[in-house]
There are 4 protein chains.
Amino acid sequence: MNSKSAENWRDKISRLVEHRLFIHSVMIIILINAAIVGLETFQGIYQNNQSLFYMADRILLWIFTIEIALRIVGSKPFYSFFRGPWNWFDFLIVISGFIFTGAHFVTVLRVLRVLRILRAISFIPSLRRLVDALLMTIPALGNIMILMGIIFYIYAVIGTILYQHIAPEYFGSLGDSLLTLFQVVTLESWASNVMRPLLETSPSAWIYFVSFVLVGTFVIFNLFIGVIVNNVEKVDEMGMEQDSTLVSEKSSENEVKELRKEVQELKELLLDEKKHRSK
Amino acid sequence: MNSKSAENWRDKISRLVEHRLFIHSVMIIILINAAIVGLETFQGIYQNNQSLFYMADRILLWIFTIEIALRIVGSKPFYSFFRGPWNWFDFLIVISGFIFTGAHFVTVLRVLRVLRILRAISFIPSLRRLVDALLMTIPALGNIMILMGIIFYIYAVIGTILYQHIAPEYFGSLGDSLLTLFQVVTLESWASNVMRPLLETSPSAWIYFVSFVLVGTFVIFNLFIGVIVNNVEKVDEMGMEQDSTLVSEKSSENEVKELRKEVQELKELLLDEKKHRSK
Amino acid sequence: MNSKSAENWRDKISRLVEHRLFIHSVMIIILINAAIVGLETFQGIYQNNQSLFYMADRILLWIFTIEIALRIVGSKPFYSFFRGPWNWFDFLIVISGFIFTGAHFVTVLRVLRVLRILRAISFIPSLRRLVDALLMTIPALGNIMILMGIIFYIYAVIGTILYQHIAPEYFGSLGDSLLTLFQVVTLESWASNVMRPLLETSPSAWIYFVSFVLVGTFVIFNLFIGVIVNNVEKVDEMGMEQDSTLVSEKSSENEVKELRKEVQELKELLLDEKKHRSK
Amino acid sequence: MNSKSAENWRDKISRLVEHRLFIHSVMIIILINAAIVGLETFQGIYQNNQSLFYMADRILLWIFTIEIALRIVGSKPFYSFFRGPWNWFDFLIVISGFIFTGAHFVTVLRVLRVLRILRAISFIPSLRRLVDALLMTIPALGNIMILMGIIFYIYAVIGTILYQHIAPEYFGSLGDSLLTLFQVVTLESWASNVMRPLLETSPSAWIYFVSFVLVGTFVIFNLFIGVIVNNVEKVDEMGMEQDSTLVSEKSSENEVKELRKEVQELKELLLDEKKHRSK
């Protein structure tokens, strides 16, 4: 009896959590949270209402915690909640608000509060699907990513060896070199700020930069084309599935086959008759 | 009788407004308007002929007003004129010339006069169709725009929190941060001017910038691909509609079906005869 | 007889001009010309051999002139030579070498000599076809070019009106503004050099720049997509033509129709017989 | 007998070389090599362990040499090893480690050691296929590359002629000009650093730069589209091969043809009977 009432109780929560009003309310609270973190960036407003902002944040955190708790309780069994990656995402964003409490983590806490806006994505189904689709294209690019990684690493090591002492702000360490190469691959000031000052002491530096720009943009360019072709391919395949040609074709073929059977029966009938008569 | 003559009168205007000569004249006046606003930018010419330019502008404004008035009168019923968005566009551009009169709005007025050149788009059908087509691609990008908005907002708030005091010219307020992020997403001086000076006081700033460049360009890149795939899909669909395969297929199928019916009738005839004879 | 020998003489030239050896020789002379103009850029070499370079250039010019003359004489009728746009191109490049003679045009002459390298394009058939294909895509972009022109003109006039006195180096005149807008649309230093200094005196300048960057890149982006979709469409059409489905389909349909006719004949035969018997 | 045992011996090596454990071990050694060259870039670590790094490098080089030697011995006949371009690649990278020995080539040697990381590509089949695919797209771009080369050369010579003395750091020599043009085509600081300073002394320089940016980006843009269309074409072709429409179509047609034959036989039967009866 007790267990049954518990069941009912959880069923109710499950229904509550999936109710439009509940979802809309959470959505509005996410927007309020977004507005508050936006307002906090205005120095004047923040300084005068610091305690108000702190209170609002605590209230919002508790609302989110209760919401997540309800959703966990509402799912059967409990742990099924943690099957969806978006639920994990919601859970971690809310839980992190409790972990980094204390004066040392003020900035971390504020950034985490901002990340709660990302929950809007997990709440709008069309956005969630879009992000899922975007993330799904990443593994297909795995090999080209590894290749890009190898190219970056090789150029970074060579860059550090060659220009460590000439341009320490760009090639001082392996990390600096990687960052500089990322800047070069976005074509940002690669010549005016990075290469040209180097050319004065190392006149053959252009080989390093021009080859990297060519190789880097060529690989990115192919990455780009790969994704386009992949997508066009998918569209083509979908077009074929939707295409009723093959189905209709099949039915037409069956029609003809059955027709042939009937004509053969006809012939047999006639032959039969002929035999009959010739007797 | 009176109403009938009025009808005739409006019919005539309707015909006048759609006449090639009328449209060509308006087109030429739009070009004259374009030439005048261009000439006005030359300081020497403008200073010496200020009153002349003022008069020309008044005359052009009245010509445009009369033209719009004629087009409103010529449409049946009157309000049907306001059904087309391009008519609204023409109407507002002309009417605004009367609203902002006075010395305080000199610059506003001059800019509005320049915008009248845009009327060339509403007058050249192929251009109007092109702009319609361009604007039509925007709603399809709705979700990716919302996602981009969320990403921009989150990065802007985080940027303001972290770098407000270190780089006030770039991250001084939420608005500054949004503008800086727009600059970063166009890859303009994102490293040389924005990130590198920040790195000196905040060595981990590269995480913020590199992640934003990666996420931002990745989303724009997918927006790009989405539009291409959309368009290729449309082309494919159009190709299928033009394709007579399915239609021909259907007719072929029907042919076979009717053929089968006839063969069945034939069989019945033969069976009938057989029965008849066996009697 | 005299006219006939002339004919023979022109036939011989026609054959000579199309001979592989002749074409290869001209190609080599074009390459020599390219090498010479390249060598001339080296100050040391040029200063010491000025008269040698002058002589080489005169000789090359005369060789090209003779070559063009032979090709004109070899074509029947004479004026048919001027039907091909590439022949016009060759003719103008060579003839211009004679027009700008004299000390005043030294630089013009040197540049013209460089342009003779372009003749390599008209001599390599695959390159000529490529350039023809590239130029053919331009008229298809006509409308989007006009639209781009209108947008550039409007923004240039507004930019000149608003920022003429604040940033004279970028918006001093209509021409300066157009050049600056071209720079902005390539996203080169649009924020760091052009917009940011303006923001100090005109804080709302960001509307002008951000809107232009968005509109400009959006139009270019659509231009891009238009060309891609156009090309994919062409590929699809070619695919359809190669596709034998429709043809095969038609023949199949005809087969079924004729079959039906025969079955109808069969039925008539049987009915006829039945009637015959019932008598 | 001796030759047979040698055969066995080489067979064993051949099997060893293709064994998963052998390949995995080499892969790990390549990664260790990558880690070591990375560590060497850290000044502190390198200075204190110079002899250790030297020893590690010698050991790695000998391991690679033995590995290549085994692979050569294992292939039948010996020279078949040199048929694969990737084997050549491996061979040259390892052999070069022995050529540039000595104090004069310290930097060259260090760079070569870094290039050994590229062997990871030849060892991961999916990466090798990716690189093969990337390299395969290059010859298809041959013509557009030649065209790009001609454009670059012409603009470089003209640039050197016109701006050699005005902007020696950008157009001082043919080589400088080519490098500057490469920078311009990547749109990096083409206006702010290269063109604008030139405009002061040579006000018509914008023609040179704007035309080059337009021509250069237009050609690259077409190169891009060419590759996309090429790839889409390939996908379409593959789609058609997989498409069973044509096959099914054929069988349907044959069915109808055979059906018709049978109906004709039927008709003959009936006509035969009729004749028979009429007698």
Side-chain angles (χ1 to χ4, degrees), chain C residues 34 37-38 40-43 107 110-111 114-115 117-118 120-121 124 126-127 129-131 133-134 137-138 169 175 179-180 182-183 186-189 192-194 224 227-228 231-232 234-236 238-239 242-245 248-249 251-252 255-256 258-259 262-263 265-266 269-270 272-273 276, chain D residues 142-144 146-147 150-151 153-158 160-162 164 173-174 177 187-193 195-196 199 206 210 213-214 217-219 221-222 224-226 228-229 232-233 236-237 239-240 245-246 249-250 252-253 256-257 259-260 263-264 266-267 270-271 273-274 277-278:
Chain C
V37 296
E40 275 190 51
T41 63
F42 294 91
Q43 290 290 304
T107 316
R110 286 184 72 185
V111 168
V114 179
L115 289 180
I117 303 170
L118 281 173
I121 295 170
I124 306 174
S126 62
L127 273 186
R129 253 176 282 131
L130 179 66
V131 172
L134 291 185
T137 62
I138 291 174
E169 73 274 31
L179 188 58
T180 302
F182 184 73
Q183 175 182 345
T186 63
L187 300 177
E188 203 277 288
S189 299
S192 54
N193 283 11
V194 187
F224 198 99
V227 176
I228 293 175
N231 279 287
V232 170
K234 261 183 214 158
V235 170
D236 276 16
M238 266 157 45
Q242 289 173 350
D243 199 345
S244 58
T245 309
S248 136
E249 201 62 39
S251 79
S252 166
E255 279 283 317
V256 172
E258 292 199 24
L259 178 63
E262 291 197 45
V263 170
E265 283 172 31
L266 240 172
L269 266 174
L270 276 172
D272 205 51
E273 205 176 335
H276 187 82
Chain D
N143 270 323
I144 230 160
I146 293 171
L147 185 66
I150 294 174
I151 293 168
Y153 187 73
I154 290 176
Y155 269 94
V157 173
I158 294 178
T160 316
I161 292 173
L162 297 177
Q164 197 161 32
S173 73
L174 201 60
S177 299
L187 300 178
E188 204 277 288
S189 300
W190 73 269
S192 55
N193 283 11
M195 184 188 66
R196 291 203 180 270
L199 279 182
W206 66 269
V210 170
V213 167
L214 285 177
T217 52
F218 184 70
V219 171
F221 166 85
N222 270 280
F224 197 98
I225 286 171
I228 292 175
V229 170
V232 170
E233 225 167 308
D236 276 18
E237 272 164 29
M240 264 172 203
T245 309
L246 284 172
E249 201 63 38
K250 274 263 123 47
S252 167
E253 214 184 312
V256 172
K257 266 183 189 159
L259 179 61
R260 205 172 152 190
V263 170
Q264 277 169 334
L266 241 172
K267 209 161 90 180
L270 277 172
L271 282 170
E273 205 175 335
K274 206 174 178 181
R277 205 168 317 154
S278 65

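In what follows, chains carry the letters A, B, and so on, assigned in the order in which the sequence lines appear, proteins first and then strands, with residues in each chain numbered from 1.
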> At a heavy-atom separation under 4.5 Å, does C:V131 approach chain D through its side chain, its backbone, both, or neither?
Replying inline: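 The answer is the side chain of C:V131.
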> When rounded to the nearest 0.5 angstrom, what distance separates CD1 in D:I144 from CG in C:L134?
Replying inline: 5.5 Å
> chain C heavy atoms under 4.5 Å from D:I151: which part of the residue, side chain, backbone, both or neither?
Replying inline: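 Neither part; nothing is under 4.5 Å.
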> Would a 4.5 Å heavy-atom cut-off, applied to side chains only, mark D:L199 and C:L179 as touching?
Replying inline: yes
> Under a 4.5 Å heavy-atom cut-off, does chain D meet the side chain of C:E169, its backbone, both or neither?
Replying inline: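 When you check distances to chain D, only backbone atoms of C:E169 fall under 4.5 Å.
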> Between D:W190 and C:Q183, what is the shortest heavy-atom contact and its length?
Replying inline: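 Minimum heavy-atom contact is CZ2-CA, 3.9 Å.
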> Heavy-atom distance under 4.5 Å to chain C: side chain of D:I150, backbone, both or neither?
Replying inline: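 Contact with chain C is through the side chain of D:I150 alone.
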>> Taking side chain as everything from C-beta outward and backbone as N, CA, C, O, which of these in C:L118 sits under 4.5 Å from a heavy atom of chain D? Side chain, backbone, both or neither.
In response: both
> For the residue pair D:V157 and C:V37, what are the closest heavy atoms and their distance?
Replying inline: CG1-O, 3.7 Å
>> Under 4.5 Å from any heavy atom of chain D, what part of C:S189 do you find: side chain, backbone, both or neither?
In response: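 Contact with chain D: side chain only.
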>> Counting heavy-atom pairs closer than 4.5 Å to chain D, which one of C:N193, C:V111, C:L187, C:L127 comes out on top?
In response: C:L127
> Are any of the side-chain heavy atoms of D:R196 and C:T180 separated by less than 4.5 Å?
Replying inline: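 The answer is yes, as the side chains (C-beta and beyond) meet within the 4.5 Å cut-off.
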>> Heavy-atom cut-off 4.5 Å, strictly under: side chain, backbone, both or neither for D:T160 against chain C?
In response: side chain
> What distance do D:I158 atom CD1 and C:I117 atom CD1 have between them, rounded to the nearest 0.5 Å?
Replying inline: 8.0 Å
>> If I measure from the heavy atoms of chain D, does C:L130 come under 4.5 Å with its side chain, its backbone, both, or neither?
In response: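 It is the side chain, since no backbone atom gets that close.
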